*Asks:* 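Below: one structure in structure tokens.
Not measured: the values here are computed from a predicted model. Counting convention: from 1, in listed order, for ligands and their atoms alike. Position 1 is the first residue of the sequence; numbering continues from there.
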Amino acid sequence: MNNQQELLNKIKASINDYCDTYFDFGFNPEKPAVRLHEPTAEGAEINAALVTMLSTYTTMGKKVRAFEQQYATYNGTKYGVMSNSGSSANLLSVAALVNPFTKDHLKAGDEVIVPALSWSTTIWPLVQHNLIPVMVDCNINDFNLDLEKLEKAIGPKTRAIKLVHVYGNPCNVDAIMALAKKHHLFIIEDCCEAMGAQYDGKPVGSFGHVGNFSFFFSHHISTMEGGISVTNDFDLTETMRILRAHGWSREADEHQKYVNLYPEIDPRFIFINLGYNLRPTEVNAAIGQLQLPKLNGFIDNRRETAGFYKKYLSKYDDFFHFQQETAKGKHVWFGFPVILKESAPFSVHEITAYMQQRNIETRPIIAGNMARHPAFTMFEHRIAGDLTNADTVMKKGFAFACHHGVNQAAREYVVQTIDGFIETALANLAKKTG
Ligand SMILES: Cc1ncc(COP(=O)(O)O)c(C=O)c1O
């Protein structure tokens, strides 16, 4: 073995040693804590990242291409275009659908329906491309677009639906695809919370024109930051590849076509379209290649945790409303969301403060009704019908951990803490009503 290989082996062994010794994110009954997220990467991923950096081939290249194909195959789609975040994947897909390279592309002033219960960067790419977001309420059972309100929101200017599979629960894809067919709409799936989720046995992100995923730290698997757009449409893929990097043709499969068309321009710098720089790095892809095979196992644990929470907490049905898995859907539980019913004699603030004091992290369900956020005062949008349920989610909802690392001891700590809170709340109420 040469010196270089020996040195590499030593580095890897040290990293593995370090991780074996200090990477312990499991539940510790001595110091109980249940954080919203825990790292999904271990020594192998860190080593792959380091080896990639040491190779000095760090900017987007072969590893990104290989990971794109690996992910697209996992997701049952032909193509994948990786970018540096889920937000960038959302941006890239909208930019491509607006671009003149796309047949019958979206145009300034066209309306795109979005769920009010979504994320900022589900919506901003629409605003950034002079499209008009039309905010539609969610259904209080599955938390996804309310199908009746959705149909009513479709008007003469509606050209697309940008749906979200909220918290990992697949939308009723049959109903939405039927609407899309009837009204000739593009479907963009924001799957940033729903990696690995399925509808009728098929992965989300494979139904619409394009599906976007996030590999941020808090998601089902992570490449540190990262995202991917998947599609079966070759032309859309090529456009996304071009827009992702400056607008040059270099990463397009049909690059040679442009080289032949413009022989007078240096083939490395043919700007064939407008563009951004939304590229991921080889380091992100190297991590992703090792993370993806772990995804299904992580999802199994999330589903087991959610099943336990639902079963155990069902005794509090008078106080808690839970998200219901869509019929034909496989939910992947980005977190565990809960809504307080009107009959609950306590507030979200009270229960989350109690949990927080006992080191159980909580958060709002996504960020509630996006239309209530201050940024919306600045940009043109339309609110279709009432947003009552999204408001309820915002005012009465909270979520806690359901990730790959939540084991049985952690689950029991969470539900026993909730038992403790409710016991105290009911005792206080009894004293007051006395
Ligand atoms: C629905 C939705 N879309 C987009 C994003 C953005 O993903 P990223 O953080 O990778 O930019 C998120 C983030 O969690 C999300 O929940």
*Asks:* Parallel, tilted or perpendicular: which one describes the rings of F271 and W248, with boundaries at 30° and 60°?
*Replies:*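 Tilted.
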
*Asks:* If you measure from the Lys or Arg side-chain nitrogens to the Asp or Glu carboxylate oxygens, is any gap between K152 and D137 under 4.0 Å?
*Replies:*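 A salt bridge is absent here (no side-chain N lies under 4.0 Å from a carboxylate O).
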
*Asks:* Which is it for H219 and ligand 1 at heavy atoms under 4.0 Å: side chain, backbone, both or neither?
*Replies:*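 It is the side chain that gets close, since no backbone atom is under 4.0 Å.
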
*Asks:* Just jot down the ligand 1 atoms closer than 4.0 angstrom to any heavy atom of T122, in number order.
*Replies:*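 That gives atoms 1 (C), 3 (N) of ligand 1.
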
*Asks:* Have a look at ligand 1 and work out which part of N90, if any, has a heavy atom under 4.0 Å from it: side chain, backbone, both or neither.
*Replies:*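 Answer for N90: side chain.
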
*Asks:* Relative to the heavy atoms of T121, which atoms of ligand 1 are at a distance of less than 4.0 Å?
*Replies:*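 The atoms of ligand 1 under 4.0 Å from a heavy atom of T121 are 4 (C), 6 (C).
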
*Asks:* Below 30° counts as parallel, above 60° as perpendicular, anything between as tilted: where do the rings of F421 and F346 land?
*Replies:*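 Because their plane-to-plane angle is over 60°, the rings of F421 and F346 count as perpendicular.
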
*Asks:* Could you tell me which atoms of ligand 1, counted from 1 in the order shown, lie closer than 4.0 angstrom to a heavy atom of G86?
*Replies:*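 Reading through ligand 1 atom by atom, the close ones are 7 (O), 8 (P), 10 (O), 11 (O).
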
*Asks:* Checking a contact table here: which protein heavy atom is nearest atom 9 (O) of ligand 1, and how many Å away?
*Replies:*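 So the nearest neighbour among protein heavy atoms is F216 CB, 4.0 Å.
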
*Asks:* Tell me which one of S83, C192, S120, S222 gets a heavy atom nearest to atom 4 (C) of ligand 1.
*Replies:*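 Looking at heavy atoms only, the winner is C192.
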
*Asks:* Does an N or O from F334, backbone or side chain, lie closer than 3.5 Å to an N or O of ligand 1?
*Replies:*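 So ligand 1 has no N or O lying under 3.5 Å from an N or O of F334.
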
*Asks:* Testing the basics here: between A306 and F336, what is the closest heavy-atom pair and its distance to 0.1 Å?
*Replies:*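 Looks like O-CE1, 3.8 Å.
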
*Asks:* Between the side chains of T121 and S87, does any donor sit under 3.5 Å from an acceptor?
*Replies:*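 Note: T121 and S87 side chains meet the donor-acceptor criterion.
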
*Asks:* Sort out for me which residue in D190, N90, T122 forms a side chain to side chain donor-acceptor pair (under 3.5 Å) with N212.
*Replies:*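 Testing each of D190, N90, T122 against N212, the sole residue satisfying side chain to side chain donor-acceptor pair (under 3.5 Å) is N90.
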
*Asks:* Quick one: nearest non-hydrogen protein atom to atom 3 (N) of ligand 1, plus distance?
*Replies:*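 So the nearest neighbour among protein heavy atoms is D190 OD2, 2.8 Å.
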
*Asks:* Considering only non-hydrogen protein atoms, determine which one is nearest to atom 12 (C) of ligand 1 and report residue, atom name and distance to 0.1 Å.
*Replies:*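 Nearest protein contact, heavy atoms only, for atom 12 (C) of ligand 1 is W119 CD1, 3.5 Å.
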
*Asks:* Taking atom types as modelled, is there a side-chain donor on T281 or N284 under 3.5 Å from an acceptor on the other?
*Replies:*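 Checked: T281/N284 side chains pair up, N/O donor to acceptor below 3.5 Å.
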
*Asks:* Got a salt bridge between E45 and K294, using NZ or NE/NH1/NH2 to carboxylate O under 4.0 Å?
*Replies:*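 Yes, charged N to carboxylate O under 4.0 Å.
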
*Asks:* To which of E193, E225, K162 does the heavy atom nearest atom 16 (O) of ligand 1 belong?
*Replies:*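 Looking at heavy atoms only, E193 sits closest to atom 16 (O) of ligand 1.
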
*Asks:* For ligand 1, note which part of S87 has a heavy atom under 4.0 Å away: side chain, backbone, both or neither.
*Replies:*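 Both backbone and side chain of S87 come within 4.0 Å of ligand 1.
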
*Asks:* With a cut-off of 4.0 Å, which atoms of ligand 1 are near a heavy atom of S214?
*Replies:*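 That gives atoms 7 (O), 8 (P), 10 (O) of ligand 1.
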
*Asks:* R241 and E251: which non-hydrogen atoms are nearest, and at how many Å?
*Replies:*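 Closest pair (atom of R241, atom of E251, distance): CD-O, 3.4 Å.
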
